[in-house]
Amino acid sequence: MTIYSRAECSCCERAKAVIEPRRKAHGFSVEEVDVDGDPALAARYGESVPVVLVDGKVRFRGEVTPVLLDRLLEAEANRGEKGQARG
């Protein structure tokens, strides 16, 4: 999971607060990228932060909805279990 955020962003802090307990429970890694450190990222995501990507796909902009994140994580876990069963 990648979180594009910026310093002193209350929406970004709320998103991280939603994600962190789920990261611990599911054991996935989170990369946080400060968009203000790169002019291209600032132009791309500037007013939309936080932007959360899961497996390279944008899944949330501006707000992370706990229920939708739980559904997404459950779907990802189920997809992984099906892949292991075939392997």
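Residue numbers start at 1 and run along the sequence shown. Just so you know, these numbers come straight off a predicted model, no measurement behind them.
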Establish whether Leu69 and Ile3 are linked, either directly or via other cluster members, by ILVMFWY side-chain heavy-atom contacts under 4.5 Å.
yes
To the nearest 0.5 Å, atom CD of Glu76 lies from atom CE of Met1 at 9.0 Å
Would Arg6 and Asp36 pass as an ion pair if we require N to O under 4.0 Å?
yes
Could you work out, with salt bridge (charged side-chain N to carboxylate O under 4.0 Å, His left out) as the rule, every residue matching Glu13, not counting sequence neighbours?
Lys16
Test log, rule side chain to side chain contact (heavy atoms under 4.5 Å, CB included), inputs Arg14 and Ile19:
CA-CA 9 Å; Arg14 283 193 301 271; Ile19 292 167; over 6 Å; no
Side-chain donor/acceptor pairs under 3.5 Å, residues 45-60, sequence neighbours excluded:
| from | atom 1 | to | atom 2 | distance (Å) |
| --- | --- | --- | --- | --- |
| Asp55 | OD2 | Arg79 | NH2 | 3.2 |

Decide yes or no for Cys11 and Glu63: does some side-chain heavy atom of the first lie under 4.5 Å from some side-chain heavy atom of the second?
no
Straight-line distance of Leu72 CG to Thr65 OG1, nearest 0.5 Å
11.0 Å
Can you give the donor-acceptor pairs under 3.5 Å from side chains of residues 23-31 to other protein atoms, not counting sequence neighbours?
| from | atom 1 | to | atom 2 | distance (Å) |
| --- | --- | --- | --- | --- |
| Arg23 | NE | Glu20 | OE1 | 3.0 |
| Arg23 | NE | Glu20 | OE2 | 3.3 |
| Arg23 | NH2 | Glu20 | OE2 | 2.7 |

